[in-house]
Undergrad: 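Quick one: structure below, then a few questions.
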Amino acid sequence: MEFAFLLSVGVSNGCLYGLVGLGLVLVYNAQGIPNFAHGEFFMATAFAAYVANVLLGIPYALSVLIAIAFGGALGVVVEFLAIRPISTNRALGRASTEVAVVLSTVGLMITIKGLARIPWGDSVRKLPGAFSTDTITIGSLIISTQRLLIIVVAVALTVCLSIFFARTSLGKKMRATSQNTTGAKLIGINTGHIYSATWGLAAICGGIAGILAAPIIFLHPDMGTRMLLKGFAAACLGGFGSVSGVFVGGLLMGIVEIFFGRYLSTSMMDIFAPIIIIVVLLFRPQGLFGTRGAARV
Amino acid sequence: MLDVANLEAGYGPHLVLKDLSMQVPRGEIIALLGGNGAGKTTTLSAIMGLIPTRKGTVTFDNAAIHSKPAHRVFSHGVALVPQWRELFSEMSVYEHLELGAIQRGNRQSLGKRIDDVLDHLPELRAHLERRAGTLSGGQQQMVAIGRAIASQPKLLMLDEPSMGLAPLIVNELGRTIKRLNETGTSVLLVEQNMHLALSVASYVYIIRNGTIVKHGPTAQFHDERELFQSYIG
Amino acid sequence: MNPLLKVEGLTVRFGGLTAVDDASLAIAPGQIRGLIGPNGAGKTTLFNAISGLAPIAAGSLHLSGVDVTSFSAPQRAAQGIRRTFQTVQLVQSLTVYENLLFGLHSVARDPFTAFVVGGHAQRTNVDADRILAEVLEYLGMSDLQDRVVETLTIADQRYVEIGRALVARPKLLMLDEPTAGLSPAQLERLDDLIAKLPADWDVSILLVEHVIPLVVKLCDRITVLDRGRVIAEGTGSEIENDPVVQKAYLGERLDA
Amino acid sequence: PGSALAADPGITDTTIKIGMMGSLTGPAAMWGWPTINGAKMVYDKVNEEGGINGRKIEVVVEDDQCQAPLALAAAKKLLSRDEVFMLHGGSCSGAVLPVREVALKEKIPMMVLVATADEIVAQPNGYIFRAFLPGSYDGKIIADFLATAPNVKKVIAVGNTDAIANVRYPVLEESLKARDLEYLGLEPIEVEATDATAQVLKVKSQNPDAIVLVARPEASAVFLKDAAKLGLDVPIVGATVVDLQDLLDRVGDPKPMEHMHVVSFYKSPLDGEPMAPWVDMLKKYYPDDKVQAAAFYGTSGALAVVEALKRAGPDLTREGFVKAMSDIKGLDGGPMACTLNFATDDHEGCKSGSVWGMRDGKVTAIGDSWK
Amino acid sequence: MLSILRNNVLTLFFIIVLAISFTTDAYSQYLINLMLVYVVVAQGLNLILGFAGMFAFAHGAFMAIGAYVSALLMNTLGVPYLIALPMAGLAAAFVGCVIGIPAIRVSGLYLAMVTIGVSEIVQWVLRHWKPVTGGTDGMLVASPTFFGVEFSDDFQSFYVIFVVCALMTVLAQFVIRSRLGRAFVAIREGEIAAQSSGINVARTKVFAFAISAFYAGIGGSLFSLTQHYINPENFNLYQTIMQFCMVIVGGSASLIGPFIGAVILTWLPELLRNAQAFQEIGFGLLLIVFVIFMPRGLAGLLISRNILPRERFSRAARLRKKPEASTSVVVERP
Ligand SMILES: Nc1ncnc2c1ncn2[C@@H]1O[C@H](COP(=O)(O)OP(=O)(O)OP(=O)(O)O)[C@@H](O)[C@H]1O
Ligand SMILES: Nc1ncnc2c1ncn2[C@@H]1O[C@H](COP(=O)(O)OP(=O)(O)OP(=O)(O)O)[C@@H](O)[C@H]1O
Ligand SMILES: [Mg+2]
Ligand SMILES: [Mg+2]
């Protein structure tokens with residue numbers, strides 16, 4: 001019973017990490033960089049849902065849709081204003097472009113967080129969960145409905161995105177653009193649209209995670225920071241570039257974390273994740289499900 | 001069909017093409033020849049819209065394309081096999097052909113068009129599922145060519161397609177170009193391999209220091225000595 | 001005479017694919033050896049295996065009688081195996097001079113490195129300068145030495161790659177399609193250079209090329225590779241007339 | 001450096017300049033303006049009433065972002081550019097400790113705003129004062145409180161392991177032992193924990209009679225929810241790092257709060273009678289500020305400063321001010337539950353608080369023993 | 001005349017800083033000190049991030065090691081600062097070597113994650129190893145004494161920091177122009193080509209970590225002098241990100257870059273003090289504007305405009321007095 005309970009919590013935590021990691025992987029696939037502003041999509045979308053639902057009194061489901069649309073738009077706008085001018089700068093080599101884009105995302109992180117602090121920096125707010133009943137009981141197992149929702153959404157999103165990248169032509173175009181922008185232009189891909197789509201999608205993923213997590217972790221401008229690190233760790237563990245890999249990476253982290261905490265030491269809970277990641281990467285430098293790059297001379 | 005008039009283009013402060021004019025008539029194979037650094041690649045990039053043009057016009061099928069981005073130029077029916085190949089290293093050969101075909105023409109004919117490409121480049125059949133990044137130099141070159149012709153362009157621009165290809169394949173390439181031409185594709189060919197260039201092209205432009213210094217029907221250039229002279233001199 | 005490089009039964013595999021299959025060859029000192037074969041035959045992979053960049057699954061490698069099979073890439077470079085690349089691999093943002101300095105890495109040890117890593121400062125910067133000046137002079141590039149590589153034409157970049165190999169005074173120089181992308185005029189210039197390298201620098205050359213007339217003219221002997229296997233070896237004319245080679249690689253002449 | 005006759009910096013015939021520092025931006029920004037305004041309103045009121053000995057108080061506010069390098073920069077700017085008479089500030093202990101060194105070395109009087117570490121005010125210390133309950137003291141209050149609760153023998157602590165929480169554990173352990181209670185140790189929980197299942201289960205397996213919760217609001221709320229879900233129903237007492245009303249708002253459901261108690265600085269909940277004048281004062285001077293627990297953390301410090309400035313008389317010097325402050329005895333703590341007593345060798349002015357709990361679903365001040 | 005200035009910008013920088021320090025107040029002096037400390041750390045980060053092209057995100061942790069080691073040596077063993085300082089650097093370098101070992105295999109983002117992980121572990125140790133580090137309470141740092149004189153206030157510690165910073169700059173120049181520095185660039189541009197030029201990639205990576213950590217360790221020790229008090233929070237991920245910003249804003253892979261970056265990032269927040277509520281936003285926006293308009297950093301911009309000389313990777317090339325034939329042209333492979 002305790003085992004099952006721990007497992008359920010670990011899985012839902014892990015799904016959350018995976019969900020955050022998904023958005024990171026999307027941007028990584030497009031730009032080859034970690035998006036430090038991803039935690040801000042998480043935060044901003046959750047606040048958007050808060051404004052719509054709590055402040056404006058719009059029904060929950062509609063608020064969520066509005067917030068997701070807002071998150072996607074934020075991703076698109078942010079890419080257009082702060083990333084595109086750098087990534088289309090012809091004078092840069094690939095390496096300097098990447099480093100510059102990373103810094104730009106750091107700037108975005110600070111800016112968006114700062115903006116959120118003006119109205120909401122003073123205290124912590126609460127977004128209601130999706131269901132009115134907090135927990136349901138299955139046999140002797142008590143599971144929070146919100147956590148159940150997280151699991152369902154994470155699995156669904158992972159499956160959809162995997163299919164999206166492997167099957168749909170937009171997914172393929174995204175992969176192509178990320179691997180060689182010039183090559184993509186040469187076969188008629190509007191790379192600008194692809195970047196917008198990628199960032200929009202990434203922000204939506206982050207935003208969904210934010211809305212789902214907000215009832216559990218409360219709303220405040222810094223809520224995305226820790227999640228960013230967890231998502232980043234999940235993505236590394238699973239192997240950047242593989243959608244289902246991130247999901248498994250997140251799951252693994254969530255489960256290991258909670259069992260270590262319960263049976264070994266809670267005081268070391270904060271550093272289990274780094275230790276696992278270092279150990280795994282030592283043996284599989286490309287993550288559990290990543291593939292080695294096909295670079296050769 | 002393609003008309004380049006008084007083109008100027010370059011990189012940053014560095015002007016490469018100066019007052020360059022040339023034409024590719026419909027259904028012809030035109031060769032653009034010149035020494036290293038003469039500006040051939042720059043010309044193709046400028047036509048394709050990969051680098052901005054500063055002056056002059058490029059018209060294709062009566063549409064001005066000189067200020068359009070590459071993907072728009074592509075949608076007019078122009079395809080380029082770039083000198084540096086620009087493949088997607090983590091994607092399979094098949095995906096390259098598919099992506100090449102996907103942006104033009106209808107979905108239904110996709111499989112058939114890819115099959116056509118493979119008929120032109122049979123060597124690729126054995127490697128369809130391999131990632132492009134692991135292929136040998138020559139194999140990559142074939143993928144780049146295949147990707148471009150998969151879109152069934154009206155104008156195909158090839159930047160040194162024979163580079164890195166084995167003689168057997170080069171011969172095959174010559175035949176492929178001719179065959180494509182017969183099915184209605186115009187070709188603008190940049191080559192260092194004189195044999196290949198002169199055996200397929202009907203008209204030759206010679207570029208030096210970013211301008212056309214000489215042009216005429218191929219027959220005029222068949223005396224190779226003279227050709228070399230005009231390069232070096 | 002003892003071969004400079006002896007390759008025996010060399011095999012390289014990538015997953016299920018055997019890129020080089022039980023290949024053997026021996027190169028005499030001062031020899032120019034041609035290596036030809038269809039695309040994907042395994043020529044570059046063989047180069048990679050000899051220079052230590054591809055994992056050797058089986059076989060052995062001797063340089064001047066020393067077994068270097070288990071040596072790492074930098075160790076082999078230090079032993080005198082140097083190469084150029086099919087696609088130029090230079091530091092594009094640095095000058096010609098600085099790129100050539102890379103070649104000296106395992107030979108020269110400047111005072112600072114000597115201080116950190118230990119050992120003597122074997123060559124001072126002045127020595128390095130002299131060696132580099134000599135090579136630049138030889139390649140006819142003295143006036144280009146402070147140019148940033150990315151501003152050079154492809155031809156000059158190929159020369160810089162050869163120069164980077166030469167500064168270390170290698171025993172074996174491996175050139176992977178050095179003429180790819182060169183104009184006929186530049187091709188002639190390179191042809192002349194390769195021809196006199198063995199005598200001037202006391203070096204053996206292993207040359208991969210698709211320009212057959214050049215290979216036939218330059219090489220003492222030619223090895224033909226197909227699907228990773230050595231299918232023929234001989235002098236230029238023997239190879240040109242070998243029906244197996246013709247079928248696998250040369251094809252009939254376009255103009256014939 | 002000047003002769004003994006020259007007045008200390010920051011004083012003119014009509015003004016006294018006080019430098020305030022707080023985390024106005026950055027991750028701890030939520031403690032910034034609320035606490036500063038809660039102190040400033042006292043100065044505003046004094047100014048409105050004509051000032052002290054003919055001098056009005058001029059306040060310069062600087063941001064320290066809760067980071068040591070920036071806090072030092074802020075302090076140095078206040079001292080060497082703005083030439084303030086004294087400092088009143090600091091929201092985070094880590095950022096205030098380097099400033100402490102500066103204040104002591106340069107002999108600058110300083111009133112701590114909300115930083116809770118013992119070391120800041122510890123002796124030897126001639127210049128730094130604090131007028132609210134410091135971090136380590138609530139350990140003793142909690143132990144005394146639990147000792148009066150029925151059937152409590154074994155006590156376990158759950159809490160963060162950051163600087164704010166860490167100062168509390170040694171005193172807690174010591175006081176519990178002094179009260180013959182068994183201390184089962186500490187179960188750490190991350191500051192930004194999203195889940196406390198592991199902690200709750202571990203705690204449960206040790207069968208404690210009561211829990212001491214030394215965690216920030218986020219983690220406390222998470223723990224309470226999970227504890228309720230997993231049926232962990234023993235009394236819980238929280239440290240001053242949380243406010244009971246705030247916690248109730250966060251948890252949003254009275255059930256997990258049933259067993260929760262919190263040590264509070266204040267005389268009563270914000271809507272109680274004793275707090276009314278202070279809430280009104282805040283509404284008067286800073287009508288935009290939210291009426292929340294954090295708003296009055298700094299008030300008592302400002303009250304003490306004002307009192308000391310009055311007592312130091314018209315010939316105000318830094319030394320005179322410090323002396324006057326050290327002589328304050330039995331000053332009412334304003335919103336604080338304690339009375340302020342300073343001495344030359346004890347600058348910790350406030351040493352008591354009160355325990356609040358949920359009684360009939362309402363936040364109620366219980367006092368110092370179980371009811 | 002102008003060309004002398006152009007070639008000796010750093011000398012000029014040090015002269016100006018020295019001159020300012022005679023006329024300034026404690027506040028500016030403190031910031032100058034902090035800035036010079038950041039210069040040292042950013043130089044170290046630049047060596048690994050800019051020159052060797054490795055995403056190392058552990059400089060906060062390396063600083064912490066330097067700061068704690070020197071503080072512990074001075075506080076508990078009474079070791080003089082002249083010895084404690086290099087020990088701080090060496091201790092960090094040692095840890096750097098250890099982290100460098102995974103770096104041989106792991107690259108790119110994965111390396112970033114490994115190094116972030118290491119900094120979290122270092123943070124954890126600092127917070128939990130109470131008897132030694134003082135845990136989250138942190139610890140006081142004694143002022144260094146040279147020849148019986150205690151260097152305790154900002155004006156005095158300036159001299160220590162100034163001298164060390166100058167020395168570290170000279171060392172950085174040596175490294176860059178040595179074959180080790182060139183090896184850094186070579187592995188950044190392509191490990192494969194580097195290997196076949198005889199460069200031992202694995203060893204070079206470990207060296208990059210060691211030297212870079214050495215700088216951060218020294219920087220951390222100097223940092224503790226400016227603060228007189230250290231705690232783990234001083235060295236968290238935020239610190240690392242600040243250093244990262246300094247290198248990129250200043251201009252990576254150039255000796256001058258970290259100077260420009262440290263000047264800007266130390267003074268910018270101070271200038272924004274007046275815009276309190278918008279400080280954070282202003283700072284973030286400025287970062288973005290900076291990278292959009294000068295993605296190679298300020299130094300990169302100045303170099304491409306020919307205002308600063310381009311970085312040299314050999315000493316001999318500088319000695320040969322030849323007119324510069326051409327400078328770097330902006331290049332894109334079409
Ligand atoms: N990205 C670039 N940035 C700056 N200059 C460039 C760039 N690419 C080419 N150049 C310069 O432009 C000129 C023309 O180059 P281009 O590549 O068009 O020549 P090419 O005729 O294609 O030569 P090749 O036969 O070597 O391919 C050369 O002087 C070259 O140095
Ligand atoms: N790293 C690798 N991973 C997988 N396959 C590889 C790898 N390197 C080479 N191969 C495969 O090995 C075979 C031989 O490749 P190689 O590059 O040696 O050919 P090559 O003879 O140099 O051909 P080309 O003349 O076209 O350059 C090819 O089929 C290639 O795809
Ligand atoms: Mg070209
Ligand atoms: Mg090859």
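Chain letters run A, B, ... following the sequence lines, proteins first, then strands; residues in each count from 1.
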Undergrad: Taking atom NZ of Lys290(D) as the centre, does the number of heavy atoms from other residues, nucleotides or ligands within less than 6.0 Å exceed 12?
TA: yes

Undergrad: Looking only at non-hydrogen atoms, find the nearest pair between Ala198(D) and Gly261(A) and report the distance.
TA: CB-C, 3.9 Å

Undergrad: Can you tell which part of Met227(A) gets under 4.5 Å to a heavy atom of chain D, answering side chain, backbone, both or neither?
TA: side chain

Undergrad: Using heavy-atom distances under 4.5 Å, tell me whether Ile189(D) contacts chain A through its side chain, its backbone, both, or neither.
TA: neither

Undergrad: To the nearest 0.5 Å, how far apart are CZ in Arg250(D) and NZ in Lys126(A)?
TA: 11.0 Å

Undergrad: Is Arg125(A) in contact with chain D via its backbone, its side chain, both, or neither, using a 4.5 Å heavy-atom distance?
TA: neither

Undergrad: For Val203(D), is it the side chain, the backbone, both, or neither that has a heavy atom closer than 4.5 Å to a heavy atom of chain A?
TA: neither

Undergrad: Compare all side-chain heavy atoms of Glu257(A) with those of Asp195(D) and state whether any distance is below 4.5 angstrom.
TA: no

Undergrad: Just verifying a value: how many Å separate Ile258(A) CD1 and Thr197(D) OG1, rounded to the nearest 0.5 Å?
TA: 4.0 Å

Undergrad: So what's closer than 4.5 Å to chain A heavy atoms on Thr161(D): side chain, backbone, both or neither?
TA: neither

Undergrad: Answer whether the closest heavy-atom distance between the side chains of His220(A) and Pro217(D) falls below 4.5 Å.
TA: no

Undergrad: Among Val222(D), Val200(D), Leu230(D), Asp289(D), which residue forms the greatest number of heavy-atom pairs with chain A at distances under 4.5 Å?
TA: Leu230(D)

Undergrad: Give, for atom CD of Glu218(D) and atom CZ of Phe218(A), the distance between the pair rounded to the nearest 0.5 Å.
TA: 8.0 Å

Undergrad: Checking Leu264(A) against chain D: side chain, backbone, both or neither under 4.5 Å from a heavy atom?
TA: backbone

Undergrad: With only heavy atoms counted, which part of Asp249(D) is less than 4.5 Å from chain A, the side chain, the backbone, both or neither?
TA: backbone

Undergrad: Could you give the distance from OG1 (Thr25(D)) to CD1 (Ile110(A)), rounded to the nearest 0.5 Å?
TA: 11.0 Å

Undergrad: Nearest 0.5 Å please: distance from the CZ atom of Phe5(A) over to the CG atom of Leu201(D).
TA: 6.5 Å

Undergrad: So which of Lys225(D), Glu192(D), Lys202(D) has the biggest tally of heavy-atom pairs under 4.5 Å with chain A?
TA: Lys202(D)

Undergrad: Which bit of Lys229(D) is near chain A, if near means a heavy-atom gap under 4.5 Å: side chain, backbone, both or neither?
TA: both

Undergrad: Kindly indicate, with the supporting measurements, whether the criterion side chain to side chain contact (heavy atoms under 4.5 Å, CB included) is fulfilled by Thr194(D) and Arg226(A).
TA: CA-CA 10 Å; Thr194(D) 53; Arg226(A) 191 185 94 117; 3.3 Å; yes

